[in-house]
Amino acid sequence: MPGTSRMPVSLRQSIDSVKRSRPRNPMQVLNLNVDLIRNIVFFLFLLRWTRRALWKLKGRGLFGTLFELFTDARRILYGYFLRLPGVRTKVRAQIDDALTKMQAKMIPAGQTRYLSLPKEGWTEEAVRKELEALATMDHTRWEDGYVSGAVYSGEDELLKLQTEAYGKFTVANPIHPDVFPGVRKMEAEVVAMVLSLFNAPPGAAGVSTSGGTESILMAILSARQKAYHERGVTEPEMIIPETAHTAFRKAAEYFKIKLHLVACPAPTYQVDTKRVARLINRNTIMLVGSAPNFPHGIIDDISTLSKLALRKKIPLHVDCCLGSFLVPFLDKAGFDSQPFDFRLKGVTSISCDTHKYGFAPKGNSTVLYRTAELRSYQYFVDPSWSGGVYASPGIAGSRPGALIAACWASLMSVGEEGYLKSCTQIVGATKKLAEHIRSHPTLQQELEILGNPLVSVLAFQARGDLNIYDIADGMSSRGWHLNALQNPPAIHVAVTAPVAKNWERLAQDLEGVVEEEREKERVRQVEALKMGTSGKTGKQKAAGDTAALYGVAGSLPNKSVVVDLARGFLDLLYKA
C-alpha cells in the first residue's frame, strides 16, 4: 500500500516477545521492587553486624569477646534479680540506711537553715559573721596536710593575691572582650604560657576552661567533629585506658561515642598498647593516654601511643590534668620522667589543670591543641539566631573573668623557679613516702605500691589477709581524707604542698593503723580456730563506711545499687 512499509519479521517478533513478557498485573512489579529493597536492607544489616563482629574479634580476641558477652549477660540478669519485689525492698532499705548516715555527716542537726530570701537584707556585719561561721564548720584539716589532693597550695600570701585579683575583676565576663579587654589579654597569656610549658610547636593553640572535665570534653568534641567532617565518621569510637579519668566516660555518654576500655595490667599498670592497636578501626576518632592517671599515678607509654597514632592517622590526647605543673619540671628537678608532651609528633591535644599544681583557684584549666584547626572544631557558632551572630569557644557562654585574673596572677607570682621548687618539694615527699612503705618492716610486709609512680600520686594495696578498706577507714578515724580505689582495691594519696609538709605524720599513722588491723586479724584467726574453722579464710570482709560502697556494692555484677547510692549522695549536696 502506498505510504506504508512492511516491518521486518525479526523486529516484529522481538516486539511481540516483549509484549508477551510484560507482567499482566502491575502488583507484580511492586512486589518485585519491595523484595529487592528488602534484600538490600537485609544485606546492609548483615554487612553492618558482620563488620562489627569482626572488629570485636580482632580487638578482644575470641575468649575476650566471649568473656564480655558473659559479663554483660550476668550484669543484665543480676539487674532483673534486683528488681524482684522482695530483693528490691531489701536493697532499697540498705540504700536508705546508708544515705541516712551520709546525711547525718553532711547536714548536722541543729543548724539554722535559710530556705527563702530574708525580708530585709542583712547588714554587712551580719553577713561577715555568718560567712565566718560557715568557713569554720567542722571539716577535715586540709590546712594541716590531712587531705589527699583537693587543695594544692594553700599558701596565705598567694591566697591574698588571688583574692585581690578576683576583687578587681568581679564583674568581668570574657564573652564581652571589648568591654573587658584586660581579661581577654590575661586569658590569652595563660594559654600561651601553658603551651610553652608543654613544648607546643609553632601554630599550636588552646582554650581555657572551667576544669579538667571540660578540657577533656572539649578535646573529645574536637576529635569527633574532625572525624565527621574529614572522614565522614557517624558512629565514633574512642579507645582509652581503664584507668583514664572518668571524664572520658562522661564525654562518651554525652556525645554518643562508643567506648573501648583497655586493661592496664600489673606490674606496670600502664595501658596495654598492643590491645589498643587491635581495637583501632575506621570509626576510631581518638586514642588516650594519661600523664599520670588519677587512680595509681602511673604515666602511660605515651611514646608507643604516639607512634601508633601517627601510623593510623588518629588524634592522640594526653591527659595531664593531674600532672599539671609537675610533669613538665620532673627533668629539671632531677627526677625520672617519660616523654609525654608535644615533642612526641603523635600527640595532638593535652589537657592541663592550672587549678591543681599551677596553684590557681578552682575553676581554671586549659586544653591545648597542636594546631589552631583542631581547636576550631570545638567552637560553637550560630549565624542565624535572632539575637545576633553568636559564637563561643566552648560549652560555657558567660564565664567568670575574675577566675581568669586570679589564675594569671598565680602563674605570674609563682614563676618558673617557684614551680620547680614546688616540684622538688612535692615529688620529693612522694618518693620519701614510697621508700618508707617499701622499707618499713610492717608496711613492706602488708602493703604493695602499684606500679612505678613518677609524680605525686602514690597508690598501694594490701598484700596479705588485711582488707585495704579497713585500713582506709582506720586512717579516716585518725583525721585523714584519702582516696579509696577499686579494681583492684587500693588506697591512694595525692601529695600536695600541705601534705608534703606532713608526710611523716601520714607515714606514722599508716604504721599505727596497719598494726591495729594486723592485731584484729590475729584475734579473728584465733577465734576462727577456737570455733573449729580455718584461720586462713582469705581477706576479711571489711565493715566500715568505705566498704559499704567499695567492698560490698562495688563488687556486685550489676552496679545499679552503687548508682542509686551515688545519686542519693548527689541529692544530698543540694539539700538545704
Side-chain angles (χ1 to χ4, degrees), residues 145-150 241-243 245 263-270 290 292-300 322-323 326 335-336 426-496 499-500 502-521 538-542 544-547 549-551 554-555:
Y146 278 79
V147 177
S148 167
E242 63 182 5
T243 54
H245 195 275
C264 301
T268 65
Y269 293 92
Q270 292 178 310
S290 304
N293 64 48
F294 174 85
H296 311 141
I298 302 299
I299 298 178
D300 286 317
L322 185 54
L326 291 181
F335 298 118
D336 292 337
I426 293 168
V427 178
T430 307
K431 292 188 177 297
K432 290 176 184 176
L433 179 60
E435 180 59 30
H436 185 82
I437 293 174
R438 292 189 179 106
S439 61
H440 188 274
T442 301
L443 297 183
Q444 72 168 341
Q445 185 176 354
E446 299 294 346
L447 302 178
E448 177 186 5
I449 294 174
L450 301 181
N452 180 31
L454 299 180
V455 200
S456 60
V457 174
L458 191 67
F460 48 88
Q461 62 183 353
R463 286 183 184 272
D465 293 333
L466 300 189
N467 192 296
I468 195 67
Y469 297 136
D470 278 337
I471 296 174
D473 288 325
M475 293 298 288
S476 295
S477 68
R478 297 192 178 212
W480 291 93
H481 187 286
L482 307 182
N483 294 91
L485 312 174
Q486 58 183 342
N487 306 321
I491 302 171
H492 95 203
V493 54
V495 178
T496 62
V499 174
N502 199 29
W503 77 267
E504 290 177 312
R505 178 60 184 271
L506 171 61
Q508 291 171 6
D509 284 348
L510 187 59
E511 294 169 20
V513 169
V514 170
E515 286 288 0
E516 290 173 2
E517 293 304 320
R518 289 180 76 176
E519 183 59 30
K520 290 178 184 178
E521 176 63 15
K539 291 185 186 296
Q540 68 184 63
K541 182 179 179 180
D545 292 340
T546 305
L549 181 60
Y550 294 102
S555 64

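Only this structure's heavy atoms are used, side chains among them; waters, hydrogens and symmetry mates stay out.
Considering OH of Y146 and CG of L506, their distance stands at 9.5 Å, rounded to 0.5 Å. L454 CG to I299 CD1: the interatomic distance, rounded to the nearest 0.5 Å, is 5.0 Å. Separating the CG atom in L510 from the CD atom in E515 is a distance of 10.5 Å, to the nearest 0.5 Å. Rounding to the nearest 0.5 Å places CG of N483 at 4.5 Å from CZ of F294. How far CG of D473 is from CG of L482: 11.0 Å, rounded to the nearest 0.5 Å. Separating the SG atom in C264 from the CG atom in L450 is a distance of 11.5 Å, to the nearest 0.5 Å.
A salt bridge is defined here as a Lys NZ or Arg NE, NH1 or NH2 lying under 4.0 Å from an Asp or Glu carboxylate O, and E517 with K520 meets this definition.
The shortest distance between side-chain heavy atoms of S148 and H492 falls below 4.5 Å. No side-chain heavy atom of I298 sits less than 4.5 Å from a side-chain heavy atom of T268. Between H296 and L485 there is a side-chain heavy-atom pair separated by less than 4.5 Å. Residues W480 and N502 meet the side-chain proximity criterion, which asks for heavy atoms closer than 4.5 Å. A 4.5 Å side-chain heavy-atom check between I471 and L447 finds at least one atom pair inside the cut-off. You'll find the side chain of L458 stays beyond 4.5 Å of the side chain of V495, heavy atoms only.
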Going through the checks in order, is the side-chain contact (heavy atoms from CB on, under 4.5 Å) test met by F460 and E446?
CA-CA 10 Å; F460 48 88; E446 299 294 346; over 6 Å; no
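No side-chain donor-acceptor contact under 3.5 Å links Y469 to the backbone of A490.
Side-chain N/O atoms of E511 and H436 include a donor and acceptor closer than 3.5 Å.
Of all heavy-atom pairs spanning Q461 and P489, the tightest one is CB-O, 3.4 Å. The two atoms that bring G149 and T496 nearest to each other are CA-CG2, 3.6 Å, heavy atoms only. Of all heavy-atom pairs spanning P241 and D300, the tightest one is CG-OD2, 3.5 Å. The shortest heavy-atom contact between L433 and A507 is CD1-CB, 4.0 Å. Nearest heavy-atom pair, V514 versus T442, reported as atom, atom and distance to 0.1 Å: CG1-CG2, 3.7 Å.
For the salt bridge (charged side-chain N to carboxylate O under 4.0 Å, His left out) test, residues two or more places apart in sequence or in another chain that qualify with R478 are D509, E516.
By the 6.0 Å contact criterion, CZ on R518 is enclosed, its count of non-hydrogen atoms from other residues, nucleotides or ligands being greater than 12.
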